[in-house]
Amino acid sequence: MKKPVLLVVMDGVGFSKTHLGDAVTMANTPTLDEMLKNYPNTRLKAHGPAVGLPSDDDMGNSEVGHNALGCGQIYSQGAKLVNESISSGKMYESEAWHEEIENVKKNDSTLHFLGLLSDGNVHSNIAHLFAMIKEAKKEGVKKVRVHILLDGRDVPATSALIYVDELEKLMVELRDANFDIKIASGGGRMKITMDRYQANWGMVEEGWHTHVLGEGKQFATAKEAIEAYRDQFGVIDQDLPAFVIAENGEPVGKIVDHDSVILFNFRGDRAIEISMAFDMKDFDKFDRVVYPDVCYAGLLQYDGDLKLPKRFLVNPPEIRHTLTELMIEHGVNEYAISETQKYGHVTYFWNGNKSGKFSEELETYVEIPSDVVPFDERPWMKSAEITDELLKALASKKYQFLRVNFPNGDMVGHTGNLDATICSMEALDLALARLKKACKELGYIMLVMADHGNADEMLEKNKKGEIQVRTAHSLNPVPFIIVDDDNKYEIADGEFGLANVAPTVAKIFGFEAPACWEKSIIK
């Protein structure tokens with residue numbers, strides 16, 4: 001190892017192909033521009049098969065991205081993992097599936113499905129829900145209720161009614177004298193239920209009151225609720241308030257004792273908190289009012305170390321031979337930092353879905369608490385505070401490998417606010433300038449990259465050719481830059497993805513990479 005290494009992940013920063021709402025290039029980013037002009041760099045694939053997802057139509061995300069960055073390998077992930085389990089029939093052979101089905105058949109109770117209703121393939125896929133509903137009927141379940149979270153983030157911003165119509169059509173096809181199925185409740189994913197990293201438990205509490213207790217504004221149908229809220233509030237799907245479907249003034253689908261509940265999201269970060277509320281008897285984050293005795297399962301186990309949830313339908317990828325394990329083997333001191341919104345990505349996901357540290361002695365984690373406000377109101381987020389702490393760590397010379405995630409481009413990009421996202425990119429560039437100066441003075445190699453695109457494509461054309469706001473991740477490649485004035489690096493031939501980063505870091509350190517890893521980006 002010639003020099004210690006700082007690895008910077010600019011979350012949600014890609015190279016736009018359409019240049020529609022490209023906040024990355026619209027922003028004033030002299031430091032990033034100078035790095036791309038004067039230092040060795042290439043473009044990495046950060047979506048689809050490159051990160052273990054089914055096809056090139058599948059957007060990458062921070063979770064699978066950091067898995068790939070941290071382990072140097074490509075594992076079947078998310079939708080692909082579940083697709084394989086459904087197509088092989090393994091899901092329906094699992095102990096958890098049998099427990100869910102037998103519970104409702106034994107008690108003549110209700111099977112509830114809760115999750116994000118879209119085909120975004122980031123948190124969920126409506127096809128998985130449909131497959132499970134069909135199988136449940138086939139196996140003799142008589143009553144099903146579906147609690148729908150509306151997307152507008154990984155799919156077009158106002159596409160909710162498309163998915164509701166698909167679900168309603170399926171329910172009409174399946175409903176008969178022996179199979180009662182209805183939508184029971186819903187709301188926007190950024191209003192209820194799907195908080196992450198314990199940043200806003202109020203969202204989860206409102207989801208609990210909506211789905212479990214059946215409390216909230218009542219409507220006859222989900223379509224009626226969505227249309228009424230759009231007219232009243234003028235917001236996109238992810239921000240629609242909670243609603244409850246009722247008949248004769250009574251909720252059609254409260255969750256009560258002896259029911260079964262399946263959370264059909266496959267991504268872990270926004271599934272953990274609601275799973276805690278269902279799974280933990282000693283839960284104390286909010287007053288559940290009523291804690292029904294239900295059989296609860298997740299599509300996946302969202303946290304392997306916490307064993308949460310206890311029941312899950314599909315086994316997660318067993319990620320082994322991570323970069324952190326290699327570093328520890330060589331006695332390297334590591335430092336990881338981000339703010340709350342992406343802290344789990346530089347720790348849990350980076351380390352192969354492991355909550356704890358591999359080494360208490362050699363790993364240091366720092367979390368900067370995120371503001372609990374809409375991100376477009378403070379688009380700089382905690383970039384300055386993160387940089388302050390990181391500069392102290394660099395100056396200490398204690399750590400040989402440091403990694404940081406700046407969430408700005410992704411979290412602000414998801415709001416759909418182009419001006420705010422431009423501001424977020426400029427705040428990020430200020431952080432890069434401070435870090436670049438410190439790395440040069442203190443003798444660090446600086447690797448600058450991203451985990452997926454988002455801020456690079458804030459607008460899109462709809463089927464009518466009209467320009468509309470885009471809040472989802474992009475399919476664009478992301479940068480990989482080696483900033484070092486003392487050593488010359490040459491980019492190898494070929495195409496690269498996020499999984500090629502770990503072997504590149506190993507090569508810079510002079511360590512032999514595990515045989516199962518991808519190849520290095522540098523010669």
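This structure is a prediction, so every number in the text was calculated from the model and none was measured.
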_Whether the side chain of Thr322 engages the backbone of Glu325 through a donor-acceptor N/O pair (distance < 3.5 Å, no angle test) should be reported._
yes
*Distance-only, no hydrogens or angles: does the Asn107 side chain make a donor-acceptor pair with backbone N or O of Asp259 under 3.5 Å?*
no
*Ala23 to Leu418 - nearest heavy-atom pair and separation*: CB-CD1, 3.9 Å
*asked:* Can you tell me how far apart CG (Asn61) and NE2 (His452) are? Round to the nearest 0.5 Å.
replied: 6.5 Å
_Using side-chain heavy atoms (C-beta onward) and a distance below 4.5 Å, is Met132 in contact with Leu299?_
yes
*Side chain Asp119, main chain Asn125, donor-acceptor under 3.5 Å*: no
*asked:* Testing Arg145, Lys142, Lys137, Arg175 one by one against Asp180 for a salt bridge (Lys or Arg N to Asp or Glu O under 4.0 Å), which residue passes?
replied: Arg145
*So, Glu63 versus His345: side-chain donor-acceptor pair below 3.5 Å or not?*
yes
*Look at the side chain of Ser260 and the backbone N and O of Glu100, then say whether any donor-acceptor pair between them is shorter than 3.5 Å.*
yes
*Flag yes if more than 12 heavy atoms outside Glu95 fall under 6.0 Å of its CD atom; otherwise flag no.*
no
_Heavy-atom closest contact (Leu117 atom, Leu129 atom, distance)_ = CD1-CD2, 3.8 Å
*How about Tyr343 and Gln341: does a side-chain donor come under 3.5 Å of a side-chain acceptor?*
no
_Has Glu250 got a side-chain atom pairing as donor or acceptor with Glu247's backbone, closer than 3.5 angstrom?_
no
*List the steps and the verdict of side chain to side chain donor-acceptor pair (under 3.5 Å) for His123 and Arg189.*
CA-CA 11 Å; His123 289 272; Arg189 58 179 282 184; 3.1 Å; yes
*asked:* For Ala46 versus Asp451, what's the shortest heavy-atom pair and its separation?
replied: CB-O, 3.4 Å
*Does atom CZ of Arg378 have more than 12 heavy-atom neighbours from other groups under 6.0 Å away?*
no
*Residues, nucleotides or ligands: over 12 heavy atoms within 6.0 Å of Lys254 NZ*: no
*Working to the nearest 0.5 Å, report the span between CG of Leu150 and CD1 of Ile236.*
11.5 Å
*Would you say the side chains of Ser370 and Glu339 form a donor-acceptor pair under 3.5 Å?*
yes
_Qualifying residue for side chain to side chain donor-acceptor pair (under 3.5 Å) with His473, from His414, His47, Glu457_ = His414
*With a 4.5 Å heavy-atom cut-off, do Asp154 and Met59 have their side chains touching?*
yes
*Flag side-chain contact, heavy atom, 4.5 Å: Lys217 against Phe219*: yes
*asked:* Can you confirm if the NZ or CZ of Lys357 lies within 45° of the ring axis of Tyr365 and under 6.0 Å from the centre of its six-membered ring?
replied: yes
*asked:* With side-chain contact (heavy atoms from CB on, under 4.5 Å) as the criterion, how do Val204 and Lys285 come out once you've worked through the C-alpha distance, each side chain's angles and the decisive distance to 0.1 Å?
replied: CA-CA 9 Å; Val204 188; Lys285 301 301 182 181; over 6 Å; no
_Does any part of the side chain of Leu114, heavy atoms only, come nearer than 4.5 Å to the side chain of Ile274, both counted from C-beta?_
yes
*Salt-bridge test for Arg230 and Asp237: reply yes if a basic N is under 4.0 Å from a carboxylate O, no otherwise.*
yes
*asked:* Could you tell me if Lys143 and Ser109 have a donor-acceptor pair between their side chains, going purely by distance under 3.5 Å?
replied: no
*Do side-chain atoms of Asp456 reach the backbone of Gly14 as a donor and acceptor pair under 3.5 angstrom?*
yes
*Looking at Ser424 and Val412, what are the two nearest heavy atoms and their distance?*
CB-CG2, 3.8 Å
*Side-chain donor/acceptor of Glu273 to backbone N/O of Gln198, under 3.5 Å*: yes
_For the residue pair Tyr229 / Glu227, report whether a side-chain donor-acceptor contact shorter than 3.5 Å exists._
no
*Taking every non-hydrogen atom, the tightest pair across Cys71 and Ile319*: CB-CG2, 3.7 Å
*asked:* Less than 3.5 Å apart, any donor N or O on the side chain of Gln77 or Asn67 sitting next to an acceptor on the other?
replied: yes
*Report, as yes or no, whether the 6.0 Å neighbourhood of atom CD on Glu495 holds more than 12 heavy atoms from other residues, nucleotides or ligands.*
no
*Nearest heavy-atom neighbours spanning Ile183 and Val164*: CD1-CG1, 4.4 Å
*Calculate, to the nearest 0.5 Å, the distance between atoms CZ and OG belonging to Arg153 and Ser118 respectively.*
12.0 Å
*Kindly indicate whether a cation-pi arrangement holds for Lys310 with Phe312, taking the cut-offs as under 6.0 Å to the six-membered ring centre and within 45° of the axis.*
no
_Tell me whether Gln218 contacts the main-chain N or O of Gly249 through its side chain, where contact means a donor paired with an acceptor under 3.5 Å._
yes
*With no hydrogens and no angle check, do the side chains of Asp58 and Asn121 hold a donor and an acceptor under 3.5 Å apart?*
yes
*Answer yes if the side chains of Trp97 and Glu135 hold a donor-acceptor pair under 3.5 Å, and no otherwise.*
no
*Evaluate side-chain contact (heavy atoms from CB on, under 4.5 Å) for Ser94 paired with His98, printing each intermediate quantity in order.*
CA-CA 7 Å; Ser94 69; His98 285 304; over 6 Å; no
*Would a 4.5 Å heavy-atom cut-off, applied to side chains only, mark Asp257 and Val294 as touching?*
no
*Does a side-chain heavy-atom distance below 4.5 Å link Phe15 with Val24?*
no
*Hey, is NZ on Lys191 packed in by over 12 heavy atoms from elsewhere, all under 6.0 Å?*
no
*Does Asp410 offer a backbone N or O that forms a donor-acceptor pair with the side chain of Asn454 under 3.5 Å?*
yes
*asked:* Check for me whether the distance between the ring centres of Trp350 and Phe358 falls short of 6.0 Å.
replied: no
*Residue that, paired with Val314, satisfies side chain to side chain contact (heavy atoms under 4.5 Å, CB included) out of Glu84, His128, Met91*: Met91
*Within the distance-only criterion (no hydrogens, no angle test), does the side chain of Arg311 pair as donor or acceptor with the backbone N or O of Gly298 below 3.5 angstrom?*
no
*asked:* Are Pro309 and Tyr302 packed together at the side-chain level, in the sense that at least one heavy-atom pair is separated by less than 4.5 angstrom?
replied: yes
_Is a donor from one side chain sitting under 3.5 angstrom from an acceptor on the other, for Glu367 and Thr340?_
yes
*Could you check if a side-chain atom of Val404 sits within less than 4.5 angstrom of a side-chain atom of Val9, using non-hydrogen atoms only?*
no
*Using only heavy-atom distances, determine whether the side chains of His112 and His211 contain a donor-acceptor pair under 3.5 Å.*
no
*Residue pair Asp11 / Asn408, side-chain donor-acceptor N/O under 3.5 Å*: no
_Arg470 bridged to Glu460 by N-O distance under 4.0 Å_ = yes
